[in-house]
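Data block below; observations after.
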Amino acid sequence: MKLFNKRLTLLIVCLLSGFFMANGQDAPADVLTSGFHKGRRDAVREKLPNNSVAVFFSNPVRNRANDVDYIYHQDPDLYYLTGYREPHAVLLVFKNEQSGQNEEKYNEIFFVQEKNARAEMWTGRRLGDQGVKDKLAIQNTFNGSEFEKYQVDFQKFDKVLFFDFQNDVRDNPQDPADLFSLISQFKTKTGYQSNTANLGTEPQKNNLDVRGLNQIMSELRGIKTPEELDLIRKAVFISTVGQVEVMKAMKPGLSETEIQGIHEFVFKKYGSEYEGYPSIVGAGNNGCILHYIENHKPEIQSDEMILMDLGAEYHGYTADVTRTIPIDGKFSPEEKAIYDLVYKAQEEAIQMSKPGVSFGQLGKLAKDIINQGLVDLGIIESADTRHLYYPHGLSHHIGLDVHDKGTYANLEENMVITIEPGIYIPEGSKCDKKWWGIAVRIEDDILITQDGFELLSSFAPRTTEGIEAMMTQPSPLDQFRLPTLQGRKRK
Ligand code: GLY
Ligand code: MN
Ligand code: MN
């Protein structure tokens, strides 16, 4: 009995300490592992041409105003290859093993921003070189100040691959190892300045290559690994829950801004750090603006539809999901006619999706269905009529970017793409007025499987019947009341 008690006590202590440790963590546990990032660096190395080096810089810090910067977002390629989320860094991946001054061997070098207690007190923790070695397991890491004197003979390579610079990086004169300085030092080491004239349409007359890396990164990033799929599934699920909660809460008189807020609150509730792109919430005619991000209409009207295109970014990976719903919970006959046509185009394209089918074939299928449907509804004269009612493409990759890197020939297993047809009929269009102001986009995210597809965003209904049924459900927000905002109303 005593022994049992001791064991029980021990078990409880272990369980509790596990609980507190888990709760004591100050960062999420389900992020990409250092093994994933190492695997991706090896995959880049595999694809590099002989005797070459690939160079990846971090994104610049962008100033918003005075001493406030925009929220920092790492360059997705650098994040993919390292997991590093801080600015002022450069990664070199060598095709072949290199020998250092003391005969040490290496095939990659990473330069990162130095630790600095004062700066960290204001703007957040830094890993520093040792932190990168410990947490990201990139052993050949140095502080950025080492880059200038580090002996890399760029001239000896057949190719030095990098993404060309946009010349939009500010210098911090107090920091000799900021991104501006790292780029300047790289340009000096490679002779970039004197060779930039050759980087345009003319054939290369030197070893600098600003084209090849995009193809390599597109081939890699377009095919998702199991670790990436886990995060994408979460991002997509979170985004569909946002759509469902808004369907329940929708009623005339809400503002576009607060509808956006409901989605984004759901994202945060699940631990999603950001939106994958600026949220698009457009009621009525605003839905005809494809990337409408003002979202500032104060009161949506009962006879309008609202187009909501939002994606949660979860640990770096973003969803891209659009639902279009009637404010009063019931599609009018015209709204339903347009909606059902977009749905038909989407559904047929989804059903056709499998490895070997081309992006072009999918896009043509959807466009043909929409054009014929617009003819049948009397909105255009013939299926060949040039029009702007469906002005965008059908599909793109999603991942670390909403319009993610990937190839656009044939679908392949483990690609994740959107299927997103739409019809937009702005006020004043050359058709019967009854169609004016109707804008419908339905956007879903699918995983291409070995012999077909998996619909990742099925949690949010997308038929008119499914949406209408969901909109009859109660919402916890029905009880959410806030004090009135006082102040003078301006006419
Ligand atoms: N949310 C942007 C797009 O659908 O491509
Ligand atoms: Mn999209
Ligand atoms: Mn979208």
Side-chain angles (χ1 to χ4, degrees), residues 73 76 218 221-222 224 232-233 235-244 246-247 256 259-260 262-264 266-267 272-283 286-295 305-314 316-325 339 342-343 345-347 349-350 353 359-360 362-363 365-367 370 388-408 411 415-424 439-448 453-462 467:
H73 195 277
S218 296
R221 283 178 50 192
K224 270 54 185 187
I232 292 175
R233 281 178 193 283
V236 174
F237 177 70
I238 292 167
S239 307
T240 56
V241 175
Q243 295 282 0
V244 164
V246 167
M247 286 179 194
E256 290 174 345
I259 293 165
Q260 172 184 355
I262 299 169
H263 285 272
E264 293 177 5
V266 171
F267 297 178
S272 154
E273 296 90 342
Y274 307 109
E275 294 81 56
Y277 50 92
S279 300
I280 299 166
V281 181
N286 290 341
C288 296
I289 301 166
L290 301 178
H291 287 173
Y292 170 79
I293 57 171
E294 283 94 344
N295 307 343
M305 285 197 294
I306 188 158
L307 187 157
M308 305 175 295
D309 180 344
L310 303 97
E313 182 179 306
Y314 186 78
Y317 285 80
T318 187
D320 187 6
V321 177
T322 307
R323 289 293 180 265
T324 308
I325 66 174
Y339 191 98
V342 176
Y343 179 86
Q346 192 203 29
E347 183 58 16
I350 291 174
S353 298
F359 280 86
L362 284 183
L365 175 78
K367 192 146 234 132
I370 284 182
L388 283 176
Y389 298 131
Y390 175 28
H392 57 75
L394 180 75
S395 277
H396 57 81
H397 294 266
I398 57 169
L400 287 170
D401 282 328
V402 62
H403 298 155
D404 206 32
K405 285 191 178 169
T407 56
Y408 281 90
L411 300 182
M415 285 182 168
V416 184
I417 61 167
T418 66
I419 302 282
E420 51 170 312
I423 296 177
Y424 314 86
V440 175
R441 176 158 69 252
I442 316 173
E443 178 170 27
D444 282 83
D445 302 336
I446 64 171
L447 165 67
I448 304 301
F453 68 90
E454 180 187 339
L455 181 59
L456 301 180
S457 43
S458 59
F459 188 78
R462 68 189 168 97
I467 291 169

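Just so it is clear, the model here is predicted, and its values are computed rather than measured. One-based numbering, in listed order, for ligands and for the atoms of each.
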Give the name of the N/O/S atom in D320 that lies closest to the Mn ion (ligand 2). OD2
Just checking: E443, one of its N/O/S atoms, less than 2.8 Å away from the Mn ion (ligand 2), yes or no? yes
What atoms in ligand 1 come closer than 4.0 Å to a heavy atom of D309? 1 (N), 2 (C), 3 (C), 4 (O)
Look only at the side chain of D401 and the backbone of P76, and say whether a donor-acceptor pair between them is shorter than 3.5 Å. no
Counting backbone and side-chain atoms alike, is an N, O or S atom of H396 positioned under 2.8 Å from the Mn ion (ligand 2)? yes
Identity and distance of the protein heavy atom lying nearest atom 3 (C) of ligand 1: D320 OD2, 3.3 Å
Atoms in ligand 1 with a heavy atom of H291 nearer than 4.0 Å: 2 (C)
When you check the side-chain N and O atoms of T322 and E420, is any donor under 3.5 Å from an acceptor? no
Tell me whether D444 is salt-bridged to R323, with the criterion being a basic N under 4.0 Å from an acidic carboxylate O. yes
Taking side chain as C-beta onward, heavy atoms only, is K367 less than 4.5 Å from L394? no
Is the backbone N or O of E275 less than 3.5 Å from a side-chain atom of E264, with the two atoms forming a donor-acceptor pair by type? no
Closest approach of F453 to L455 (non-hydrogen atoms, all atoms of both residues): CD1-N, 3.8 Å
Can you tell me the N, O or S atom of E420 that's nearest the Mn ion (ligand 2)? OE2
Under 3.5 Å, is there a donor-acceptor pair between the side chain of Y277 and the main chain of G311? yes
Consider every N or O of E420 and every N or O of ligand 1, then say whether any pair is closer than 3.5 Å. yes
Return the option from E443, H392, H403 holding the heavy atom at the smallest distance from atom 5 (O) of ligand 1. H403
